[in-house]
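Heads up: the structure comes next, in structure tokens.
The chains referred to below are lettered A, B, ... by the order of the sequence lines, with proteins before strands, and numbering in each begins at 1.
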4 protein chains.
Amino acid sequence: MPRPSRWDDVVAAAARVFSQKGFGGASLEDVANEVGMLKGSLYNYITSKEDLLFAVVRPDAEELLSHARQLHAKDLPASEKLRQIALVHIEIIDRHLPYVSVYVQEIAGRGISQEWTDMDREYMSLVEQVFVEGVGAGDFDSALDTKMAARSLIGALNWMTRWYEPGDPAQARAKAAQLSDIFLSGALARRKG
Amino acid sequence: MPRPSRWDDVVAAAARVFSQKGFGGASLEDVANEVGMLKGSLYNYITSKEDLLFAVVRPDAEELLSHARQLHAKDLPASEKLRQIALVHIEIIDRHLPYVSVYVQEIAGRGISQEWTDMDREYMSLVEQVFVEGVGAGDFDSALDTKMAARSLIGALNWMTRWYEPGDPAQARAKAAQLSDIFLSGALARRKG
Amino acid sequence: MPRPSRWDDVVAAAARVFSQKGFGGASLEDVANEVGMLKGSLYNYITSKEDLLFAVVRPDAEELLSHARQLHAKDLPASEKLRQIALVHIEIIDRHLPYVSVYVQEIAGRGISQEWTDMDREYMSLVEQVFVEGVGAGDFDSALDTKMAARSLIGALNWMTRWYEPGDPAQARAKAAQLSDIFLSGALARRKG
Amino acid sequence: MPRPSRWDDVVAAAARVFSQKGFGGASLEDVANEVGMLKGSLYNYITSKEDLLFAVVRPDAEELLSHARQLHAKDLPASEKLRQIALVHIEIIDRHLPYVSVYVQEIAGRGISQEWTDMDREYMSLVEQVFVEGVGAGDFDSALDTKMAARSLIGALNWMTRWYEPGDPAQARAKAAQLSDIFLSGALARRKG
DNA sequence: GATGAATGAGCTTTCATTCAT
DNA sequence: AATGAATGAAAGCTCATTCAT
């Protein structure tokens, strides 16, 4: 049985190192040390440093996007869709924090290339449509600025990469519920009717 | 004048360059070109590249913090304080986007040094106390997770550095109002009592 | 082989260059040219320029010291020990002039660090004890200032790095004998008894 | 009354700085700091860094040489001349240690230029002639290698710049006497005749 | 696949020197 | 005489990348 390739190790190490030192601040030697090989050996797996960045970042970005697409196609109330968006987003952070951190830090909204700009935009647009649907259905406040709402939700979610301590799915679900509550109901106490 | 004459030019150029290319990705030669001097000449103003980073970032960080401290001392309803927090934060982004971008990208929540960790924490804590006060006064929902609320608000605000187009104070005020509305009332339509 | 293959070349080149231009006056590019590689490549062998200085200088310094220690433990008349000290010192100069030159020029008596200060002091002390033993045994003049004698001998030996032309072991032995004669008998003609 | 020029301050500061950090290791800014002016201002006094080196070093070198010339012309026994050589050399070290240190470290035997090589050589030659005269007069041992003797004496004297603590003329005279005794009579106890 | 070594470009930083004020 | 600022060359060092073994 041939020894399994260490591709996954390499990418995981890169995720950790890039998320800690930043892509620009990390050297391939740092990454190599983290895997336990020499920097030259990395080139058996990658063709450039940027290559490695994309390898770190792509799978989760695609998963998140594909989830949002599927959700969009479903027939659910907007409030439920919003809860799902937050839940999936935070679950991915919980499971793959270093990878997502790198995405948020180095790619999101940075205009790196057309491909990534398109992904960003599509995710944003899918989130915004949740709010649009909600307003359309009369569930959401008609005065709501849907774009601002979407950007704020995504900002709050992405910011979690700076403070969330991963590894606890229950906590992930709790945070998702809290965040959804805030975006749905706000902080103000509801008057009893 | 305590500072050499082109100090402000140097810092402004650095803010622009750092915010565009990232601190790690920008070279001092980039900064020097932006000011119109040679990279060696920069060292008449700074003692290291990191120095320059802090110089870019410190004034606005301090202004934001000092504002939050003053607000905390005031006797205002929590909802009003929340509106003020958002307004001042966004106004600074509107006026000083490159500087704030650099702060958000390179410093906030990065654990660079004790000094900056302390600043981060204090701002977070002051924002959280607005929510705590609101819950205490019965204005805010008693089920609200105040920490999550504070972190989400700050995340949404900081994320604005990735998309906000500055230079329009009226727009700044509008965005502040929208964001406050979301965090106070949520997206859901209010039932008529 | 524990060291990369051209380690010795690198150190030898550094010794030559440092001894010619001085440590401060020599650039790593000079050293690299002397080995026949690019300056960046040097960092496969060293971690800093200072590092290289110590690598140049340490082996002979340690050899000299270890020799003096062994000699100190032996049961020989002081005059014979003095002859041995001079002989070994000059033989090392003959074989390794550039290395020793660098030591003398850049390290000896310069208080670079505790480590080197200690080495200097120990060597000095071992040489002085030869004179102390000689005085104690009645072989040396009781009025002799042993510290001054040791310092003068070491000074005369170290000064040889400025004029000695190496590569001739017989000459080395001759110089050692002459120097020993001077320090033992002085210049004055002996009265016939 | 116009404020006296600070030329002497500048040279004295340079002597201190160069002797501490070495000529190559010291920057003109170091020197300027030591005088209490800005580095640019130094150029009101000097025309180049090397210039300053020579200014530090020349007066004492010339004094020493001129003294040796005068002594050479005198009609004195060789042993007395040797004592005078040592005495004057050490007195200058006592009074002007930093200046002499710089000479010994940076100029002596370095082949900087014809001028300095000539000075070195002449001083060496004058000292050697003392030994030659002593041998010729039958006062010194006929087997003495006069060149080796001169070089050793000068080496011992110059080496004092690495350990001598200046500022005590009496101590200077004592060291001169001890060193002369060693070079004249050697360490061996004299047999009573 | 991995290694050790080299490359070469680029980086931050230093510094002697110049010059208008 | 002194200053503050700029210059430009060179320094030490880093690093993505290549390649023979």
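- Atom OG1 of A:T117 and atom CD1 of A:I107 lie 10.0 Å apart (nearest 0.5 Å).
- Rounding to whole angstrom units, CG of residue B:L52 and P of E:dC11 are separated by 15 Å.
- Atom CD of A:Q20 is surrounded by 12 or fewer heavy atoms from other residues, nucleotides or ligands within 6.0 Å.
- The base of F:dA6 sits with one of its N or O atoms less than 3.5 Å from a complementary donor or acceptor on the side chain of B:N44.
- If you take CD of B:E50 and C1' of E:dC11, they are 15 Å apart, rounded to a whole angstrom.
- Taking atom NZ of residue B:K21 and atom C1' of nucleotide E:dT12, one finds them 16 Å apart after rounding to whole Å.
- The phosphate of E:dA6 has OP1 or OP2 within less than 4.0 Å of a side-chain N or O from C:R6.
- A:Y103 and A:D120 form a side-chain donor-acceptor contact under 3.5 Å, judged by distance and modelled atom types alone.
- Here the P atom of nucleotide F:dC15 and the CZ atom of A:F23 are 13 Å apart, to the nearest Å.
- Listed by chain and number, the residues in a salt bridge (Lys or Arg N to Asp or Glu O under 4.0 Å) with D:E29 amount to none (sequence neighbours excluded).
- Between C:V35 and C:Y45 the shortest side-chain heavy-atom distance does not fall below 4.5 Å.
- Closest to the C:S5 side chain, of the nucleotides E:dT17, E:dA5, E:dT13, is E:dA5.
- Counting heavy atoms from C-beta on, the side chains of B:L52 and B:F18 come closer than 4.5 Å.
- One atom, NZ of D:K49, and another, C1' of E:dT14, lie 11 Å apart when rounded to the nearest Å.
- In terms of phosphate contacts, D:Y45 brings a side-chain nitrogen or oxygen within less than 4.0 Å of OP1 or OP2 of F:dA2.
- Within residues 25-43 of chain C, the residues having any heavy atom closer than 4.0 Å to DNA chain E are, in order of number, C:M37, C:L38, C:G40, C:S41.
- Between D:R58 and D:E115, at least one side-chain N (NZ, or NE/NH1/NH2) sits under 4.0 Å from a carboxylate O, which counts as a salt bridge.
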Practice item. Give DNA chain E the dot-bracket treatment, 5' to 3': Watson-Crick (N1-N3 with N6-O4 or O6-N4) or G-U (N1-O2, O6-N3) under 3.5 Å, [ ] crossing, | other strand. Key: .||||||||||||||||||||
